[in-house]
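All of these numbers come straight from a predicted model, not from anything done at the bench.
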Amino acid sequence: MANNSTLDSVFSNRTGQNSSQPSPFTEIRENPLKTYLLGIIISICGNFLISISLNIQKYAHMRQSQLGDSRPYYTSVLWWSGVGLMGLGELGNFAAYGFAPASLIAPLGCVSVIASAVISVVFLKETLRATDIVGGALAVVGTYLLVTFAPHTSTHITAHLVQRYAVSWQFLIYLFLEVVVFSILLYLYKRRNIKHITIVMLLVALLASLTVISVKAVSGMITESLKGDLQLTYPIFYVMVVVMVASCAFQIKFLNQAMKMFDATEVVPINFVFFTASAITAGTLFNQNSANWPVPLQQVRCLTRTQLIGQCHYSRYVV
């Protein structure tokens, strides 16, 4: 009994339950199923609104072309209504990232693929090809596999955690490579005038990877602030806000250029595939530190006293 009480006191002191010093374990958040489901529902609604908004913007481009209007597309009221719906949809995704991890929310963009295909065929009279049906089916299957088997872990996103992740060497290397690739693609698109859909959608996807990281960071820090742990006084919060706004703005720009040149049945599925891949890759590299902790708290409580004492000599995170 004495040994057990001693171990319990060690656990409580080391995990910060009886101490003012925060423990690394306090960063882990065990989200109940209801929280995940709330994030999923919000994301599905947001992606449905995004699919409607993309088709409205596509229709605005089509009508402007049919009328021979030479004015810029952003002077159209119809186009701005589509942008407004996209803002609502993205706001839904922003909120969803506060309830569930990116590996769970990002693949749900499949909803916008299916909804956009139906809307574009019914209302814009675009042709639905056999490859579109096969691609949509594969997207659904891929989304199911990602949502079912991907490790969905979530952490308390604090300013200190974001700062630590942002300067990790894995993420810095990824960011450098992303800037290089983005510059090459932009050169091909702008200077060499190569208007291939893959180039445009890769530009959107690279920007989207930064958007996902910044949105997750901002929403997490706002969530922690609402819980009483104020995070809005840290400079990293405003850095992430700037990254989020800038990446979203340029995404809209390139996405509209793609919608103007190509059918929605082409743009939306390719955007979904590239976006999901870039979002999961960037999110994994950015949040890699959380996977480096030797033993999570729930596993520590299962260790025997002998194992616990042995582990204490090797890791400061174990007890």
Side-chain angles (χ1 to χ4, degrees), residues 26-31 35-47 50 86-87 89-109 111-112 143 146-147 150-168 170-172 174-175 178 204-227 229-232 234-251 272 274-293:
T26 59
E27 291 177 342
I28 292 291
R29 181 173 64 198
E30 294 181 2
N31 284 313
T35 305
Y36 276 5
L37 288 176
L38 180 59
I40 290 172
I41 293 172
I42 294 174
S43 178
I44 289 174
C45 294
N47 281 298
I50 290 173
M86 176 175 281
E90 293 295 354
L91 186 62
N93 279 332
F94 176 87
Y97 280 111
F99 292 99
S103 60
L104 185 59
I105 297 301
L108 293 177
V111 174
S112 66
T143 299
L146 280 171
V147 171
H152 305 307
T153 57
S154 187
T155 60
H156 287 294
I157 303 297
T158 63
H160 291 299
L161 198 63
V162 174
Q163 289 174 349
R164 189 178 72 187
Y165 287 175
V167 297
S168 63
Q170 292 97 328
F171 179 70
L172 290 177
Y174 171 79
L175 188 61
E178 179 172 300
V204 174
L206 292 175
L207 290 168
S209 65
L210 296 179
T211 303
V212 168
I213 291 172
S214 57
V215 164
K216 183 66 178 176
V218 171
S219 63
M221 286 187 278
I222 290 176
T223 301
E224 292 302 308
S225 298
L226 293 176
K227 291 180 179 180
D229 186 10
L230 187 62
Q231 304 291 314
L232 309 187
Y234 294 93
I236 190 65
F237 173 79
Y238 299 98
V239 170
M240 286 297 172
V241 169
V242 171
V243 172
M244 178 181 68
V245 173
S247 60
C248 280
F250 282 103
Q251 266 190 87
F272 165 70
F274 286 176
F275 166 78
T276 304
S278 64
I280 292 178
T281 302
T284 301
L285 291 172
F286 187 73
N287 297 300
Q288 45 78 33
N289 287 325
S290 61
N292 290 336
W293 296 345

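Side chain to side chain, Ser209 and Ser278 fail the donor-acceptor criterion of an N or O pair below 3.5 Å.
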Worked check of side-chain contact (heavy atoms from CB on, under 4.5 Å) between Leu108 and Asn47 | CA-CA 8 Å; Leu108 293 177; Asn47 281 298; 4.2 Å; yes
Determine, stepwise, if the pair Ile213 / Phe171 fulfils side-chain contact (heavy atoms from CB on, under 4.5 Å).
-> CA-CA 11 Å; Ile213 291 172; Phe171 179 70; 3.4 Å; yes
In sequence, state the C-alpha distance, the side-chain angles, and the governing distance for Phe275 and Val212, and then conclude on side-chain contact (heavy atoms from CB on, under 4.5 Å).
-> CA-CA 9 Å; Phe275 166 78; Val212 168; 3.6 Å; yes
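Residues Phe286 and Lys216 form no side-chain contact, since every pair of their non-hydrogen atoms from C-beta on lies 4.5 Å or further apart. Side-chain contact between Val162 and Val239 is absent, with no heavy-atom pair separated by less than 4.5 Å. The closest side-chain heavy-atom distance from Met221 to Glu224 is not below 4.5 Å. Looking at heavy atoms from C-beta onward, Glu178 lies in side-chain contact with Leu210 at the 4.5 angstrom threshold.
Between Ile280 and Pro107, the closest heavy-atom pair is CD1-CG, 4.4 Å. Scanning both residues, Ile42 and Gly92, for their nearest heavy atoms gives CG2-O, 2.9 Å. Contact record, Thr158 with Asp229: CG2-OD2, 4.5 Å, taken as the closest heavy-atom pair. Residues Leu230 and Tyr234 share a closest heavy-atom pair of O-CE1, 3.8 Å. Taking each heavy atom of Phe274 and Ala205 in turn, the nearest pair found is CB-CB, 3.5 Å. Of all non-hydrogen atoms in Met240 and Ala217, the two that sit nearest each other are CG-CB, 3.9 Å.
Remark: Tyr174 OH is packed, more than 12 non-hydrogen atoms of other residues, nucleotides or ligands lying under 6.0 Å away.
A donor-acceptor contact shorter than 3.5 Å links the side chain of Gln231 to the backbone of Ala159. In terms of modelled atom types and a separation under 3.5 Å, the side chain of Ser219 and the main chain of Val215 share a donor-acceptor contact. Remark: the backbone N or O of Leu232 is paired with a side-chain donor or acceptor of Tyr238 at under 3.5 angstrom.
Summarising the geometry, atom CG belonging to Asn93 is positioned 10.5 Å from atom CE belonging to Met86; distances are rounded to the nearest 0.5 Å. Residue Cys45 holds its SG atom at 12.5 Å from CG of Leu91, rounded to the nearest 0.5 Å. Atom CG in Leu285 sits 11.0 Å away from atom CG in Leu172 (nearest 0.5 Å).
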